[in-house]
Structure formats: C-alpha cells, structure tokens
Amino acid sequence: MPELPEVETTRRGIEPLVVNKEVARVVIHNAALRWPVPGELIRLLPGQQVRSVGRRSKYLLFSFAQGTLIVHLGMTGHLRLTPCDAERRKHDHVEIVFTDGTAMRYNDSRRFGSMLWSAADPLQHQRLVGLGPEPFSPGFNATYLHRLSRGRKVAVKPFLMDARVVVGVGNIYASEALFRAGIAPTCPAGKVGKAVFERLVKSVREILTAAIAAGGTTFRDFSDSQGRPGYFRQELCVYGRNGDLCTVCSTPIKQIRLGQRSTFFCPGCQK
DNA sequence: ACTGGCTCCTGAGGGC
DNA sequence: TGCCCTCAGGAGCCAG
C-alpha cells in the first residue's frame, strides 16, 4: 500500500538505476491499468534518455527530453529493474528496456496504478494540477489548514486524506498522525483550532519522516524489489491494532469506518 | 460548494 | 484441504 514514504523510497531507489539510460524499446504486456497505458510510449520513448526521476504527490515523474512519463503505483504497483531477458512475472504490465540490457518493469496486480505521458509541463497535467501542497513544503502549515477547513463539516481524517488539501497522507498515516496529535478522527475539520492544526502538521511530518527512514532501509535493493509488506508495521501505534491497549494510556484502540475507510484511534488520547 | 457513496481489481485471511 | 465470503485501499466520479 504505497503511501508517500513508499513512493519516495521507490524514487530514491530507482533513480540511480535508470538515470542517463537510453530506452531501446517499450513493451506493453497489458495496457489495462486505471487508464489504458498510452500506446504512443512505444514510439516516443526509444532513443530518449531518462534525465531524472522526480516525484509530485504519489506520482513518479520520469523526465525525458521530449516529455515526462508519469507513474502512479496505486495500491499494488511495483517497479523493478531486471535483466531484459529475465522471466516475466504475473501482472507485469509494462516493460521499458534500456540499451544496456536492463529493463524497468511495472507490475500491478490490482491495477489501481497508472502510467501516463505528458509532453508538456507534467505539473500542469490534468491529474496533477489540482493537487494540494507537499507535506514538507512551507505551504503546508496550520494557517493554511485552518483557513481551508472553516465551515467544513467533513471529519478531519478524510479532510487530511484529501489530496486537494495536502498530498501523500494515506489511510495509515492519517490515523497515525491524528493519534500523535491527539485529535479524534471524527472531529469535524471546521471545528479544529489553529493550535491543534499546528500539532497535526508537526505529527504528519514526523510520521512521514520516520516512515521514509524505515522504507529506506527496507527497499535498498531494487533488483529484487517485490517490497516487504508491513515494513513500518512495528512502529504503528494505532493502525491495525483494534483491541490492543494504547501504548500511552492503555485504553483499548478502537476501529471505526470513516468515509468508507478503516480508521483506528485511541478514545483515551484523542479528543 | 460540499458531502457521502460507489467503483475499479486481486489476493489474503477467516470461518466452517 | 478447500471453498466462500469479506476486506483492503487511491482516487476519480457522480448524485443529491
């Protein structure tokens, strides 16, 4: 379940393996992702070099001279670098073969991911243009959240998970950040005060920083990256811990559904 | 303008 | 052992 830390870890791992490599050919084994993989990649990419691998929100941006390959990992998407003659795996969708004999393969069992092409500024792409600030950018702060949330009745957890508000906070880290900040996930966003948002901003950054650090140690080797599920599991305080006793106040952790999503919190710590 | 609900998909895990 | 059911989740989309 890639949230921002996992995507950033993927970016850091894959960039040194593909940067400056020239594409020899593109093979689309199965174009069926969230949107069909654009067939034009087959004629556009060969001959071009990967200049850099960037990230905006949970989108990876593979920059080429003539445009940008935009990759979203969805729920189960993985990128791995293999020798180009390595055996294919089930759910390999797209293969980008480089002139040095390696290949980057996109594998996605649930097909929630996507692969898009942007000939112009990728940040202006339809999928990226309306996104909120990055959680580590100065634009993500208590004043911003306070202003944006006035009059909003939506619970603070789905509010925090709304990519138009801030990007990269998925279901797991939303629960964790709210626990750290001592905010009940059900509290209407419009009722949250500025000082409390201050704590939330800090918590979001702390939890993402810790997760990126943990991801960095787990995803070191991208030639063999099928990911290790639950890599941050041991550091989670509430997520997936329904019935466990809170590490702070020993109240049993509760699980509810909020905006169709499993939500975990400590009724003792979070008001 | 908001809000909540539905949807895509496959694999894991629980119950019997 | 095996089958069936439920659940998981990012984010676009739509109806009210």
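Below, chain A is the first sequence line, B the second, and so on; all start at residue 1.
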**Student:** Could you state the NZ-C1' distance from A/K157 to B/dG4, rounded to the nearest angstrom?
**Tutor:** 14 Å
**Student:** May I ask you to verify if any side-chain N or O of A/H91 is less than 4.0 angstrom from the OP1 or OP2 atom of B/dT10?
**Tutor:** no
**Student:** Under a 4.0 Å N-O cut-off, is there an ion pair linking A/R12 with A/E8?
**Tutor:** yes
**Student:** Does the aromatic ring of A/F112 sit over the six-membered base ring of C/dA11, closer than 5.5 Å centre to centre and tilted less than 30°?
**Tutor:** no
**Student:** Could you tell me how far apart A/R261 (CZ) and C/dA8 (C1') are, to the nearest whole angstrom?
**Tutor:** 8 Å
**Student:** Base, sugar-phosphate alone, or nothing: which one does A/R34 contact when heavy atoms must sit under 4.0 Å apart?
**Tutor:** base
**Student:** Do A/R34 and A/H72 meet the criterion of a side-chain donor-acceptor pair at a distance under 3.5 Å?
**Tutor:** no
**Student:** Could you tell me the separation between the CG atom of A/D108 and the C1' atom of B/dC8, rounded to a whole number of Å?
**Tutor:** 11 Å
**Student:** Tell me what A/R257 touches on the nucleic acid: a base, only sugar-phosphate, or nothing, going by heavy atoms under 4.0 Å.
**Tutor:** sugar-phosphate
**Student:** Testing the 3.5 Å rule here: is there a donor-acceptor pair between the side chains of A/T99 and A/K21?
**Tutor:** no
**Student:** Mind calculating the distance between NZ (A/K90) and P (B/dC9) to the nearest angstrom?
**Tutor:** 15 Å
**Student:** Grab the CE-P distance between A/M161 and C/dA8 for me, whole Å please.
**Tutor:** 12 Å
**Student:** Side chains of A/N107 and A/K90: donor-acceptor distance under 3.5 Å anywhere?
**Tutor:** no
**Student:** How many Å lie between CG on A/N171 and P on C/dA8, as a whole number?
**Tutor:** 9 Å
**Student:** Expressed in angstrom and rounded to an integer, what is the separation of A/Q260 atom CD from B/dG5 atom P?
**Tutor:** 5 Å
**Student:** Both A/R164 and A/R110 contact DNA chain B. Which one's nearest nucleotide lies toward the 5' end?
**Tutor:** A/R164
**Student:** Look at the side-chain N and O atoms of A/R152 and state whether any lies under 4.0 Å from the OP1 or OP2 oxygen of B/dC2.
**Tutor:** no
**Student:** For A/R127, report the nucleic acid contact type (base, sugar-phosphate, nothing); a contact means any heavy atom under 4.0 Å.
**Tutor:** sugar-phosphate
**Student:** Both A/P158 and A/S109 contact DNA chain B. Taking the nearest nucleotide for each, which residue is further toward the 5' end?
**Tutor:** A/P158
**Student:** If every non-hydrogen atom of A/P133 is compared with every non-hydrogen atom of A/Y144, which pair is closest and at what distance?
**Tutor:** CD-OH, 3.2 Å
**Student:** Using a heavy-atom cut-off of under 4.0 Å over every strand shown, decide if A/Y59 touches base, sugar-phosphate, or nothing.
**Tutor:** sugar-phosphate
**Student:** Expressed in angstrom and rounded to an integer, what is the separation of A/N107 atom CG from B/dC9 atom P?
**Tutor:** 17 Å
